[in-house]
Amino acid sequence: QVQLVESGGGLVQPGGSLRLSCAASLTLFSVDSMGWYRQAPGQQRDLIARITRGGSTIYADSVKGRFTIDRDNVKNTGYLQMNNLRPEDTAAYYCNACPPGERYWGQGTQVTVSS
């Protein structure tokens with residue numbers, strides 16, 4: 001089965017930065033779209049950012065100007081650079097990848113923003 005493994009989460013102070021990684025067991029050259037989602041306790045899972053194979057990106061309004069999504073198709077890894085973190089960014093963050101006709105999810109990595 002296809003595996004997506006997120007890493008890079010942790011505890012950070014407000015205003016700090018983290019970079020999340022998503023290591024994929026499939027070649028990303030076959031993946032049309034990769035995305036990052038987050039889910040806070042008791043809340044739904046929401047789209048944060050998405051990037052196509054051609055490099056087009058979309059961001060949620062809540063993270064525009066602070067987060068940057070990227071992908072390395074040679075290393076089969078996706079990334080989410082998170083800057084100027086706020087307490088409301090605290091959530092479990094999930095990677096997904098969409099080859100044609102399919103969608104896969106990682107297990108999530110926890111990000112906690114607190115002083």
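The analysis underlying the following values was restricted to heavy atoms, covering all of them including side chains, and did not include hydrogens, waters or symmetry mates.
By the neighbour-count criterion of 12 heavy atoms within 6.0 Å, atom CD1 of I58 is sparsely surrounded, having that number or fewer from other residues, nucleotides or ligands.
Counting heavy atoms from C-beta outward, L85 and F67 have side chains that approach closer than 4.5 Å. Under the 4.5 Å side-chain criterion, counting only non-hydrogen atoms from C-beta, P87 is not in contact with S114. Between T109 and Y94, the closest side-chain pair of non-hydrogen atoms is not below 4.5 Å. Taking 4.5 Å as the limit, some side-chain heavy atom of V31 sits within range of a side-chain heavy atom of L26. For the pair Y59 and I69, the minimum side-chain heavy-atom distance is below 4.5 Å. Annotation: side chain of S33 is not in contact with side chain of I51 (no heavy-atom distance under 4.5 Å).
Side-chain atoms of N96 never come within 3.5 Å of backbone atoms of W105 as a donor-acceptor pair (strictly under, hydrogens ignored). Although no hydrogens or angles enter the test, the distance criterion places a donor-acceptor pair under 3.5 Å between the side chain of R66 and the main chain of S62. When atom types are taken as modelled, the side chain of E6 and the backbone of Q107 share a donor-acceptor pair closer than 3.5 angstrom. With T90 contributing its side chain and T112 its backbone, the two residues share no donor-acceptor pair below 3.5 Å.
The shortest heavy-atom contact between M34 and C95 is CE-SG, 3.8 Å. Residue A91 comes nearest to Q110 through the heavy atom pair O-NE2, 3.4 Å, listed as atom of the first residue, atom of the second, then distance. When all heavy atoms of G78 and L28 are compared, the pair lying nearest together is N-CD1, 4.3 Å. Residue Y93 comes nearest to L80 through the heavy atom pair CD2-CD2, 4.2 Å, listed as atom of the first residue, atom of the second, then distance. The minimum heavy-atom distance linking S21 with T77 is given by the pair CB-CG2, 4.3 Å.
No path of Ile, Leu, Val, Met, Phe, Trp and Tyr side chains, each step under 4.5 Å between heavy atoms, connects V111 with Y37, placing them in separate hydrophobic clusters. Hydrophobic clustering (ILVMFWY, side-chain heavy atoms < 4.5 Å, transitive): V12 and V63 are in one cluster.
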Steps toward side chain to side chain contact (heavy atoms under 4.5 Å, CB included) verdict (L20, M82): CA-CA 8 Å; L20 306 183; M82 306 185 295; 3.8 Å; yes

Trace of the side chain to side chain contact (heavy atoms under 4.5 Å, CB included) decision for N83 with Q81: CA-CA 7 Å; N83 298 325; Q81 178 67 44; 3.0 Å; yes

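Of the inter-residue distances, the one linking R19 atom CZ with D70 atom CG reads 8.5 Å to the nearest 0.5 angstrom. Note: Y79 OH to W36 CH2 = 10.5 Å, rounded to the nearest 0.5 Å.
The salt bridge (Lys or Arg N to Asp or Glu O under 4.0 Å) analysis of residues 36-58, with sequence neighbours excluded, yields the pairs D32-R53, R38-D89.
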